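In what follows, a single structure is set out as structure tokens and then discussed.
A quick note: this is a predicted structure, and the numbers were derived from the prediction, not measured.
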Amino acid sequence: MTVLRSTTTDTLASEIQPIVKTLVARLPELASAADAHGTTPLHIATLLGSLSLATCLPHGEAELERRTIDGRSPIDLAMLNGHAELIELFMPSLSPPKRAAEAKRLSAYASLPGAALAAASIHKFAKTVRKTPLLDPAPAEERASCAEGGGWAVAPALTDDERRQCQIDQRSRLTEEEYYHEYYRTGRPVLIRGAMSLAQRCAFQRSAPGMQRPRSKRHSCGGTAYPNLTGQKICGVFSMEDLNGAEPHCEDAGRTRPVCVTKPRNGVNESDEFRNAPACFRYEEEFPPMSFMSRAWRVAAARQFFMGGDRSGAAFHFHGAAYNVLFFGIKEWILTPPRYSGVSGGASISWPENARAFLPPGLPLRCTQGPGDMILLPRHWGHATVNRRFSMGIGDLYCDRELANLLHSADCRAPYDNSYPAQFLRRRWGKLFRNETRAPFRSARAAAGGAMRSVAQRTLPPRGQPLRRAAPSHRRAVRAEGRAPQPSACRKPGANTRPVAFVHINKAGGTGMRSVLAAHAMEQLLERVHPQSAMALRKMGSRYFHASASLQLLAVGQQAWASAYSFALVRNPWARQVSLFHFLLQEAGCRLPKGSRAPDCDTRVLPIAGDWLSDPAKVRDEFRKWIRDIRAVFPPGHPKQYLFGSRSHGNDRDAWFNASQISWLVDARGKVLVEDIFKLEELEDKWPTLQRKICGLSTVSYAQAMALARRNPSSHKSHEFYYDEPTSRIVEEYMEADIRYFGYTLESTK
């Protein structure tokens, strides 16, 4: 069974329409009001594909010419999402010259391969024929250490005829401008041939050293990638070796073909599956894997590693913008534009046949992905996949530029507290798919209608009473403020909008501070003001997340660094060391068994995690032993003594970098490079200074900031509990400069 997105949005619209009519009747100005990014109610109705909502809103020529911050008119949005019925509604409202110009533009768009708008759907306004999809030659391959297939039981290579049957463009190289204008702005999917070379993919060959653990690790799998979303259950537990067999299947009545998905739980560099991938696929979330995606990209949202056996695949579904790269194998893609996207609980291999009842001629589109190819999907495009024999790769649902602007959110998280309707709808979706005897339209109405009525009851006053804005809850206020791209005070002439350079010293509150800055001052961050500097840091083996002050200065140049407001957080050295120990063994990759955990854990002589972590006395004993052991291996003065306090993060290119925090903040002469250094223990008292110097934080209270900043926590007793006199002296040896410069003592903490 398939439930189309349009079924749900139509149901939502039918519930919302009386509310919209009431609001417009009481406050007519709302019908044409626009938010700070130029989005009007008509834009929203068009994005939803709702003919009923668009009909009850003003849709004259003036309204149709209004554009969002990204330059989108309502007709643009209807075109890019394939809503021909909305175009039919809008076109008569235009004057004859403008109608002719729009018809010509619609015709040109519908002729493009992979366009969301079918040529037949606009025959009333324009005649057009779809062009033949582009097929670039495969890029030249560098010499590789393995053969294609990597030793896995994969299907034979694609033939030239199969390549020519693809109904979207297949490109080998794209510039940033080409991708942005030809595919992102036109909302068209595209396949990039050879995005990952065989030489890079050989790290995932069956016999590769880095695959010894991943290939035998067992995963919970189902008939779809995420069975719980459609009310299904996990059908079995499989490893890559299991899926590599001739006929992998679950032991259920239907002998389901399993597909498995896993996500990096401790970051891509700690994940068994991800850490073998090329560095560009492990960048910090703010950076795309391919440079040509830069203008469209905002932040990575949901990286995942997928694997499946013969005839398995992802059931029909839709989501935000995404990319998918195949390491080895062959994958068939079945695509629909947003107008016909939806969710199905059935097997992907039989979905196209079952979908004939509701898809127009020409849909679905098809394309077959070969090893090393990347598929780029615009947001809300429906898709299902079918594996030919064994296949595996990685993908990511990412936040794109236009969605971020639409939501007024740098990371595409909704700025308002909608958790209740989301949870309500999620539960109803599960019931819908578990009980197929119920009519899908009625079930969708029950799910959507119940949630919307609940929202309406909490939002609208009784008839006869004036509308008023309800006071937001504290949580909602924090989220609404926290996701705003820039406070209004920062848009005033003369506002202090200096770029902000933050030096993130590990285990000193830096992850939380970065979260606060990303939420409230994203556009002021040095890496956003000088995006080219991120590549300079990568070439130095570092990234902004943990780059020292000297590396950041080197990346942007002296003039840019001097013009920025630079600061750092530091922490009591004894407390920081205890926090580091617990973090590594409780949250990071060192919590895994020996042989499975990151090599860095053994290099730093950390103990094997176990049940002893729940016994404070045993933890204290292991901590003291670790302090003594790492002192023996990397004593003060050792070239790698920094490992006592952190990994290098590329900062070891500076000879003065060591275990102390001050070494992150000085140059070769010992000169402090940052404008302010705040003790974590005194941050609440010093918060007004940050409010004064960072415009984005000017209206953010300390309490609001802390609501966002609870990241990378470690659970343990007060740090004094863990030390005896010898281990306290060892920390003092390494951190002498911090103790002298910042005035810390063992007990000096709140």
Side-chain angles (χ1 to χ4, degrees), residues 284 286-287 294 410 485-487 489-506 508-510 513-570 648-658 660-680 682-683 686-698 700 705 737-738 741-742:
E284 193 171 352
E286 288 86 354
F287 304 105
S294 295
Q486 192 180 46
C490 299
R491 296 194 292 267
K492 294 179 180 178
N496 179 14
T497 54
R498 291 173 67 190
V500 176
F502 174 60
V503 181
H504 178 183
I505 300 170
N506 71 311
M513 178 55 73
R514 281 188 63 88
S515 299
V516 174
L517 292 172
H520 297 283
M522 173 69 81
E523 300 306 321
Q524 288 182 254
L525 291 178
L526 200 63
E527 55 261 47
R528 296 300 291 267
V529 178
H530 302 283
Q532 74 284 353
S533 62
M535 184 60 70
L537 281 173
R538 288 180 207 142
K539 291 178 180 178
M540 291 185 274
S542 187
R543 57 179 186 148
Y544 269 104
F545 193 74
H546 278 310
S548 67
S550 69
L551 260 62
Q552 293 189 39
L553 185 155
L554 194 60
V556 299
Q558 180 64 50
Q559 184 176 354
W561 180 263
S563 66
Y565 170 62
S566 54
F567 76 104
L569 299 180
V570 296
S648 72
H649 300 291
N651 299 322
D652 58 336
R653 66 177 285 129
D654 293 333
W656 61 90
F657 181 71
N658 56 46
S660 71
Q661 297 168 87
I662 194 67
S663 69
W664 294 64
L665 308 176
V666 298
D667 62 13
R669 297 172 297 171
K671 177 186 175 183
V672 175
L673 298 174
V674 295
E675 194 170 319
D676 284 322
I677 302 174
F678 301 104
K679 292 183 179 180
L680 183 63
E682 299 174 356
L683 184 58
K686 301 295 184 181
W687 191 254
T689 302
L690 285 174
Q691 289 180 302
R692 189 169 59 254
K693 295 191 176 184
I694 301 176
C695 188
L697 301 184
S698 59
V700 181
D738 290 347
Y741 193 90
F742 302 119

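To the nearest 0.5 Å, atoms CE (M513) and CG (L683) are separated by 5.0 Å. Rounded to the nearest 0.5 angstrom, I662 CD1 and I505 CD1 are separated by 7.5 Å. Atom CG in L551 sits 5.0 Å away from atom OG in S542 (nearest 0.5 Å). In this structure, the separation between OG on S566 and CG on D676 is 8.0 Å, given to the nearest 0.5 Å. Considering CH2 of W656 and CH2 of W664, their distance stands at 14.0 Å, rounded to 0.5 Å. Between atom CG of residue N506 and atom NE2 of residue H649 there is a gap of 5.5 Å, rounded to the nearest 0.5 Å.
Screening residues 525-535 for salt bridge (charged side-chain N to carboxylate O under 4.0 Å, His left out), with sequence neighbours left out, gives R514-E527, E523-R528.
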TODO: Verify side-chain contact (heavy atoms from CB on, under 4.5 Å) between V570 and Y741, making sure each step is shown before the conclusion.
DONE: CA-CA 11 Å; V570 296; Y741 193 90; over 6 Å; no

Task: side-chain contact (heavy atoms from CB on, under 4.5 Å) assessment of W561 paired with L554 - done: CA-CA 9 Å; W561 180 263; L554 194 60; over 6 Å; no

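Using cut-offs of 30° and 60° for the angle between ring planes, the H504 and F545 rings count as perpendicular. Using bins of under 30°, 30° to 60° and over 60° for the plane-to-plane angle, the ring pair F678/F567 lands in the perpendicular bin.
Heavy-atom minimum distance, P499 versus L526: CB-CD1, 4.1 Å. Heavy-atom minimum distance, A547 versus V503: O-CG1, 3.7 Å. Between Y565 and K693, the shortest heavy-atom distance links the atoms CE1-CD, 3.3 Å. Residues A549 and V674 share a closest heavy-atom pair of CB-CG1, 4.1 Å. Taking both residues in full, the closest heavy atoms of V666 and G670 are given as CG1-O, 3.7 Å, listed atom of the first, atom of the second, then distance. The two residues I694 and A521 make their nearest non-hydrogen contact at CG2-CB, 4.0 Å.
Side chains of D667 and L553 form no contact here, defined as non-hydrogen atoms less than 4.5 Å apart. Contact of the V700 side chain with the L690 side chain is not registered, since no non-hydrogen atoms from C-beta on lie closer than 4.5 Å.
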Under 3.5 Å, side-chain donor or acceptor atoms of residues 529-541 against the rest of the protein: list the pairs with distances, not counting sequence neighbours.
unit_1	atom_1	unit_2	atom_2	d
S533	OG	H530	O	2.5
S533	OG	Y544	OH	2.6

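In terms of modelled atom types and a separation under 3.5 Å, the side chain of Q524 and the main chain of G696 share a donor-acceptor contact.
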